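Protein chains get the first letters and strands the later ones, always in sequence-line order, with residue 1 at the start of each. As the structure is a computational prediction, the values presented were derived from the model and not from experiment.
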Amino acid sequence: MKKLINDPKAVVDESVEGFGLAHADLVTVFPDPKYIVRKDAPVAGKVGLVSGGGSGHEPLHGGYVGMGMLDAAVPGAVFTSPTPDQILPATLAVNSGAGVVHIVKNYTGDVLNFETAAELAQAEGVEIRTVLVNDDVAVQDSLYTAGRRGVGGTVLVEKIAGAAAERGDNLDAVAAIGDRVNQNVRSMGVALSACTVPHAGVPSFDLEENEIEIGIGIHGEPGRQKIPMENADGITDRLLDPVVSDLGLGAGDKVLLFVNGMGGTPASELYIVYRRAAQRLAEQGVTVARSLVGNYITSLEMQGCSITILRLDDEMTSLWDAPVHTPALRWGV
Amino acid sequence: MKKLINDPKAVVDESVEGFGLAHADLVTVFPDPKYIVRKDAPVAGKVGLVSGGGSGHEPLHGGYVGMGMLDAAVPGAVFTSPTPDQILPATLAVNSGAGVVHIVKNYTGDVLNFETAAELAQAEGVEIRTVLVNDDVAVQDSLYTAGRRGVGGTVLVEKIAGAAAERGDNLDAVAAIGDRVNQNVRSMGVALSACTVPHAGVPSFDLEENEIEIGIGIHGEPGRQKIPMENADGITDRLLDPVVSDLGLGAGDKVLLFVNGMGGTPASELYIVYRRAAQRLAEQGVTVARSLVGNYITSLEMQGCSITILRLDDEMTSLWDAPVHTPALRWGV
Amino acid sequence: MGLDVGWAVRWLTLSAQAMAEHRVELIELDRPIGDSDHGENMDRGFKAVMDKLAEAPPETPGAALKLTAMTLMSKVGGAAGPLYGTAFLRAATALGSTSDIDAATLATALQAARDGIVARGKAESGDKTMVDAWTPAIEAAAATAGDGDVRKVLLAAAEAAEAGAVSTDPMLARKGRASYLGERSIGHRDPGAVSSALILRAAAGAAE
Amino acid sequence: MGLDVGWAVRWLTLSAQAMAEHRVELIELDRPIGDSDHGENMDRGFKAVMDKLAEAPPETPGAALKLTAMTLMSKVGGAAGPLYGTAFLRAATALGSTSDIDAATLATALQAARDGIVARGKAESGDKTMVDAWTPAIEAAAATAGDGDVRKVLLAAAEAAEAGAVSTDPMLARKGRASYLGERSIGHRDPGAVSSALILRAAAGAAE
Ligand SMILES: Nc1ncnc2c1ncn2[C@@H]1O[C@H](COP(=O)(O)OP(=O)(O)O)[C@@H](O)[C@H]1O
Ligand SMILES: Nc1ncnc2c1ncn2[C@@H]1O[C@H](COP(=O)(O)OP(=O)(O)O)[C@@H](O)[C@H]1O
Ligand SMILES: [Mg+2]
Ligand SMILES: [Mg+2]
Ligand SMILES: [Mg+2]
Ligand SMILES: [Mg+2]
């Protein structure tokens with residue numbers, strides 16, 4: 001394991017500290033308990049948006065704190081959901097009285113910790129709504145499992161719900177648009193290599209030189225199946241097809257196509273995947289109205305990518321286009 | 001070698017095609033000879049800015065084509081400078097009559113090919129100025145070598161010269177500000193792993209499990225020396241100190257601190273490096289007035305980073321802050 | 001002779017030792033069917049419990065367990081943090097302010113802990129989670145409580161939990177991160193069940 | 001008997017074969033002291049030359065070399081593209097419209113090629129570049145030209161270029177990418193010197 005780190009136990013502390021120094025114009029970092037708050041929070045009259053989860057997915061979530069997106073992010077240890085004693089003060093810090101929406105990726109740990117924090121916040125008089133993100137089609141959605149994971153769709157939920165909050169939507173409306181994004185977004189990922197959690201020191205799964213793992217999540221957890229290495233077009237089809245069919249996409253649909261890098265894959269390769277996905281969608285009469293290509297929700301230094309598609313309507317499109325000013329996503333301002 | 005590619009010989013073609021599809025609102029891609037042009041080029045009355053070089057450094061240079069930065073980018077084969085028959089039409093396409101500045105990283109191949117293209121363009125009546133970027137302190141600057149390489153500073157030259165062109169500076173003025181940035185910027189990089197050029201199929205150099213390569217460039221070329229692995233703070237100091245001393249930085253100086261990822265290193269690690277660098281600069285009384293952290297000039301999937309420092313004056317600062325709208329860098333608009 | 005606050009503190013201390021010793025093993029168990037952090041999480045959490053115990057020594061076993069609950073909830077994160085937090089909190093509540101725990105109270109407290117885990121995590125027996133260690137453990141505790149010997153209760157619980165952890169090997173996971181793997185989760189032992197067995201073994205050890 | 005356009009086309013064809021055959025070797029040579037692309041660049045360039053020759057067969061040796069120059073300049077990129085492009089262009093200019101190259105003209109054309117490389121790249125002998133193959137090659141060509149035998153000139157040039165390529169092993173690079181390595185460039189053979197020797201060997205082979 002070669003990493004640009006000091007003490008493996010200090011990775012999150014030092015990284016978040018550096019993040020706070022680099023983006024002191026946009027965010028304030030609280031070190032203990034650790035959370036990241038939009039510089040001008042709480043914004044009077046605005047619904048607050050809080051998300052969080054294990055670290056190692058940067059720029060998610062801290063990189064999305066700022067105007068038009070999150071009011072606070074709560075980073076846990078690497079790949080470990082944060083604790084209520086972090087989530088609660090973050091929630092209180094961004095509550096202007098209009099209530100707070102928790103955006104939670106559907107993992108047992110995240111759900112349980114946010115649940116506790118929401119109870120505690122409500123006990124302190126803050127109205128809470130929770131938007132659960134579960135867009136990963138690699139996982140069977142069933143009553144008898146933990147359900148689908150929240151992956152790439154999370155970025156889109158945060159952006160669009162954030163824009164709704166910024167324009168002044170009320171608590172229920174912000175949560176509703178977040179839910180609507182979640183209902184219309186699906187993702188699937190692939191790993192060409194595993195990642196190494198600093199405190200573990202060994203790769204999170206084993207892959208032969210000629211194997212890839214299809215259907216991975218974002219926690220270095222193994223995926224749906226190992227298959228022999230294929231070329232980019234073949235891999236793209238394996239990710240795209242289940243996403244398209246789960247969404248029931250067809251001619252006339254307008255979508256946002258998001259090709260996400262897992263951290264260790266160069267942009268040039270993501271564009272090769274994007275090319276194939278865009279061509280396939282065009283063949284099916286689906287219009288790619290918006291695009292996002294890059295490392296937006298990662299798994300440390302894992303090589304691989306995920307494809308996320310959001311079926312757009314006019315409101316989601318205009319909320320996507322609305323100004324955003326965060327360390328990792330910025331436009332219109 | 002596991003990569004998200006199809007035919008290794010088609011990597012640049014397919015990647016640039018995907019890039020053009022994803023950013024069709026900002027750029028036009030010409031496939032053969034290959035170059036990328038700002039959608040609204042030539043901009044009447046504006047000096048044109050053209051840069052280029054080998055592919056594999058994405059988002060450099062194509063990602064910086066757009067309002068406030070480059071008018072055209074010319075991608076060569078992976079790590080191979082482009083040819084005059086690409087550079088010439090790119091130059092002609094962005095010439096509004098106000099002349100064109102070539103921003104050239106100081107590598108023999110880039111210099112020779114841009115030189116030929118400049119001659120050909122001048123023969124067609126286009127006034128050309130060339131800004132040579134050579135900011136890499138890892139290389140001895142001497143009359144008896146190819147001189148210092150152009151690395152991280154290139155991004156800053158392109159942004160700041162681009163802003164000068166956008167505000168209407170004339171040809172000599174744009175070239176002059178580009179030169180001024182180059183004179184005030186220095187960089188140094190480290191590799192924790194090598195990268196693999198697709199057509200070569202083997203890593204560009206060998207590193208033991210416990211070795212790192214200090215002073216690498218951006219072409220997978222070996223660096224100044226191999227040393228045993230160190231922690232992030234130690235590595236940061238090895239990069240920062242030569243940059244600071246070569247620039248002659250001292251108390252009272254204002255700088256832009258740019259921590260760049262080489263492609264395979266997660267953002268969290270870059271912020272650990274940023275933290276140390278910012279702390280060390282603060283100790284020396286140097287003010288970090290602007291920051292940039294992320295993958296902006298890469299070496300395929302190489303693990304590692306570079307530190308670039310630009311000594312700022314008021315004009316450079318305001319040109320840095322000026323609006324920019326490109327696929328990879330965007331603010332103020 | 002019941003169990004006093006000294007036992008509770010010894011229990012937590014032995015648990016902390018066990019988490020430190022088995023940290024790598026628990027990480028390794030969490031690797032094939034999870035995200036390689038369970039050992040790290042538990043070790044971090046129990047180290048924090050030790051710090052808290054040193055800062056403000058509790059006066060009753062219930063207070064010790066409540067302090068443990070709050071610390072695990074705030075330091076562990078992940079799935080295990082809230083689950084163990086709830087378990088210790090419910091056990092603490094069951095104990096109330098008693099300073100001398102008899103066998104029946106002990107069995108009730110263990111039952112409350114297990115029920116807390118189930119209430120939070122909604123897992124059933126056979127879902128390949130820590131519940132598969134706790135359920136046989138409380139059954140064994142209930143079966144032995146009649147004898148009135150707290151040590152015997154704890155030993156029975158620990159042994160049953162260890163067997164329960166082993167029993168997760170052939171199970172197909174239906175809760176937590178391992179459930180994403182479907183069939184591929186079969187053949188691996190659940191890390192949370194193993195840490196649960198270690199904690200119950202520590203409880204027995206503390207009563208020696 | 002001088003050299004005609006048939007020789008020129010055979011030369012280029014054999015060069016293209018040599019680049020394809022030695023592609024991996026040239027990439028490997030470019031790895032420790034460069035960026036692992038020289039073989040790929042040369043192979044791509046000479047394949048393009050073959051296509052051009054097929055499209056519009058040249059009428060004179062000079063026309064063949066000019067077409068080669070333009071193609072290498074537009075297809076190779078890197079340092080080698082402009083350098084070889086200039087070399088072939090200067091040689092073509094030296095040949096003018098002659099359709100029958102005698103030994104003296106041949107030596108002059110080779111000298112013009114070398115001078116073109118030096119004019120573009122500013123390298124001196126001993127800088128560890130292709131110049132270290134070309135300089136001994138043109139010296140050998142000049143020394144043998146007096147005999148009037150073009151084959152002898154080409155063989156002498158090829159042999160000298162091969163020796164010249166070997167002579168780069170102990171040199172410290174002062175030009176091109178290898179110069180970044182300073183002392184670490186010592187002990188490696190310059191890839192451009194090797195490709196130059198291959199091209200000159202092809203020239204001799206074409207005259208057999
Ligand atoms: N719904 C659940 N009910 C009971 N136990 C669970 C549940 N989900 C997960 N667990 C337990 O938690 C353990 C994993 O804990 P840990 O690795 O610390 O958290 P995470 O899965 O968030 O990384 C599993 O081995 C399992 O025993
Ligand atoms: N200034 C120079 N003069 C002469 N030859 C040079 C010079 N710089 C580089 N070369 C030659 O070019 C070769 C490298 O070519 P190539 O690998 O194709 O280009 P690049 O170095 O741009 O990747 C070197 O081996 C050397 O022989
Ligand atoms: Mg976890
Ligand atoms: Mg090259
Ligand atoms: Mg885990
Ligand atoms: Mg090369």
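- Of the residues considered (B/V197, B/N113, B/D206), B/N113 shows the highest number of contacts with chain D, using heavy-atom pairs under 4.5 Å.
- For the pair D/R31 and B/F205, the cation does not sit on the ring face, since its NZ or CZ is not both under 6.0 Å from the ring centre and inside 45° of the axis.
- Between B/E158 and B/S51, the side chains place a donor N or O and an acceptor N or O closer than 3.5 Å (distance only, hydrogens not considered).
- B/F30 pairs by the ring-ring contact (aromatic ring centres under 6.0 Å, His included) definition with B/Y35, not counting sequence neighbours.
- In summary, the side chains of D/D30 and D/S36 do not present any donor paired with an acceptor at a separation below 3.5 Å, with no hydrogens or angles considered.
- Remark: aromatic rings of D/F46 and D/W11 are distant, center separation not under 6.0 Å.
- Looking at D/R184, the atoms closer than 4.5 Å to chain B (heavy atoms on both sides) all sit in the side chain, from C-beta outward.
- Contact of B/K226 with chain D is made through backbone and side chain together, with heavy-atom distances under 4.5 Å.
- The residues D/D169 and D/R189 are annotated as salt-bridged, a charged nitrogen and a carboxylate oxygen being separated by less than 4.0 angstrom.
- Interface residue D/E28: only side-chain heavy atoms are found under 4.5 Å from chain B.
- Highest contact tally toward chain D, considering only B/Q225, B/E213, B/Q86, is held by B/E213 [criterion: heavy-atom pairs under 4.5 Å].
- Ring geometry for B/F79 versus B/H57: interplanar angle under 30°, hence parallel rather than tilted (30 to 60°).
- With a threshold of 4.5 angstrom between heavy atoms, D/D37 approaches chain B through its backbone and through its side chain.
- Put simply, of B/G76, B/A200, B/S204, B/G217, the one with the most heavy-atom pairs under 4.5 Å next to chain D is B/S204.
- Of the atoms belonging to D/V76, it is backbone heavy atoms, and not side-chain ones, that fall under 4.5 Å from chain B.
- Within the 4.5 angstrom heavy-atom criterion, atoms from both the backbone and the side chain of B/Y107 approach chain D.
- With chain D as the partner, the residue from B/P84, B/G215, B/G54, B/G109 showing the most heavy-atom pairs under 4.5 Å is B/G109.
- Each of D/H38, D/M73, D/K75 has some count of heavy-atom pairs under 4.5 Å with chain B, and the biggest count is that of D/M73.
- Here the CZ atom belonging to B/R186 is positioned 10.5 Å from the CG atom belonging to B/D136, to the nearest 0.5 angstrom.
- Of the listed residues B/E115, B/H219, B/H199, B/R224, the one with more heavy-atom pairs under 4.5 angstrom with chain D than any other is B/H199.
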